[in-house]
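Below you'll find the structure, written out as structure tokens, and then a few comments.
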Amino acid sequence: MAQYGKTAYWDERYTKDPEPFDWYQRYSGIRDLVAQYIKKEDNLLVAGSGNSRLSEDLYEDGYSSIANIDISRVVIDQMSDKYKEKPALTWQQMNVCSLEFPDESYDAVIGKATMDAVLCGEGSTANIAKMCSEVSRVLNANGVFFIVSYGVPDNRLNYLENDDYGWTVTVHTVPKPTVSATAVPDTKDANSVHYVYVCQKGGGVKLEEN
């Protein structure tokens, strides 16, 4: 697992295997939740974009301003080239723990598996605090940090529920994609779901957990 926290691992992975890969969930699995919290016209940042189809799917669904960052220069160069005909999608090599954006420059930040990757690296607790602090800084007064993770609330909320970030955290579960269309997931079983942590600034109303 520790390799997921290393830039060199990702550079090598994307060099060897440039095919699109989606960790945990395709956009279709989280689309309804995204729509619940993020508006089509929002200025959106995808942090730790990798070579996921997420940004393309968001764009095709009507989201009109999507910045993408990843710590891997290799994958950013690949994606910049792949989507050069789509100027609404921008690509920059950047560390989510040290964002090079002005304060309050985004309405929403999406991190799919990004938090989990940061937690695999050395100094993970300090780095997660930096990530949350930086994301909070670049979000506007009512912004949303939308996190997709395999980590259970007992673990992840320890990192996210901090008054310094100025947000309220709501937990949702989404079924893991199943091979069988007939399989009905048990949402109480941690092995059959992924967790979506929605960190909402501006004293957002805490919605019912589902």
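Only heavy atoms go into these numbers, but all of them, side chains included; no hydrogens, no water, no symmetry mates.
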Contact check, side chains of T125 and Y159, non-hydrogen atoms, under 4.5 Å: yes
Expected output: side-chain D22 to main-chain R53 donor-acceptor under 3.5 Å: yes
L33 side chain reached by V198 side chain, heavy atoms, under 4.5 Å: no
For the student: nearest non-hydrogen atoms of N43 and S65, plus distance: OD1-OG, 2.6 Å
Inter-residue atom distance I30.CD1 - K112.NZ, 0.5 Å rounding: 6.0 Å
Beyond-backbone contact of I147 with L160, side-chain heavy atoms, under 4.5 angstrom: yes
Distance in Å, S72 OG paired with E12 CD, rounded so as to fall on 0.5 Å steps: 11.0 Å
Criterion side chain to side chain contact (heavy atoms under 4.5 Å, CB included) on W91 and S55, from CA distance to verdict: CA-CA 11 Å; W91 307 88; S55 297; 4.2 Å; yes
K40 side chain vs D61 backbone, donor-acceptor pair below 3.5 Å: yes
Expected output: side-chain D42 to main-chain L44 donor-acceptor under 3.5 Å: no
Reference residue L99; test side chain to side chain contact (heavy atoms under 4.5 Å, CB included); the match among M131, R137, Q92: R137
Test side chain to side chain donor-acceptor pair (under 3.5 Å) applied to D107 and N140, step by step: CA-CA 6 Å; D107 301 302; N140 66 27; 2.4 Å; yes
C120 backbone acceptor or donor facing S124 side chain under 3.5 Å: no
Check: K201 side chain, S136 main-chain N or O, donor-acceptor pair, under 3.5 Å: yes
A47 to V96 - nearest heavy-atom pair and separation: CB-CG2, 3.8 Å
Between OG on residue S49 and CD1 on residue I110, distance to nearest 0.5 Å: 11.5 Å
Test item: Y106 side-chain N/O and A67 main-chain N/O as donor-acceptor pair under 3.5 Å: no
Side-chain touch V171/Y195, heavy atoms, less than 4.5 angstrom: yes
Shortest non-hydrogen contact from K176 toward V193: CE-O, 3.4 Å
Sequence neighbours excluded, every pair satisfying ring pair (Phe, Tyr, Trp, His ring centres under 6.0 Å) that has a member inside residues 130-149: F145-W167
Distance, nearest 0.5 Å, that separates CE of M94 from CG of D70: 11.0 Å
Beyond-backbone contact of E60 with K86, side-chain heavy atoms, under 4.5 angstrom: yes
Test log, rule side chain to side chain contact (heavy atoms under 4.5 Å, CB included), inputs F101 and I69: CA-CA 11 Å; F101 300 116; I69 63 168; 3.9 Å; yes
Check: V75 and W10 side chains under 4.5 Å, non-hydrogen atoms: no
Exceeds 12 heavy-atom contacts within 6.0 angstrom, atom NZ of K39: no
Straight-line distance of N68 CG to T90 OG1, nearest 0.5 Å: 6.0 Å
From CA spacing to verdict: side chain to side chain contact (heavy atoms under 4.5 Å, CB included), Y165, S133: CA-CA 6 Å; Y165 309 141; S133 179; 4.2 Å; yes
Under 3.5 Å side-chain donor-acceptor pair for Q200 and Y37: no
Heavy-atom pair of closest approach, residues V174 and G29: CG1-O, 3.7 Å
Stepwise salt bridge (charged side-chain N to carboxylate O under 4.0 Å, His left out) test for K130 and E134: CA-CA 6 Å; K130 287 179 193 168; E134 281 289 88; over 6 Å; no
Candidate pair D116 and Y4, rule side chain to side chain contact (heavy atoms under 4.5 Å, CB included), full reasoning: CA-CA 8 Å; D116 300 344; Y4 294 144; over 6 Å; no
Heavy-atom pair of closest approach, residues A113 and W23: CB-CB, 3.8 Å
Interatomic spacing from CD in Q78 to CZ in R73 - rounded to 0.5 Å: 12.5 Å
For Q25 against P177, the heavy-atom pair lying closest together: NE2-CD, 3.5 Å
D77 side chain reached by D81 side chain, heavy atoms, under 4.5 Å: no
Polar side-chain atom of E161 near backbone of R156 as donor-acceptor pair, under 3.5 Å: no
Donor-acceptor pair, side chain of Q93 and main chain of I71, under 3.5 angstrom: yes
Residue pair H172 / T170, side-chain heavy-atom distance below 4.5 Å: yes
Under 3.5 Å: donor-acceptor pair, side chain of N51, backbone of F21: yes
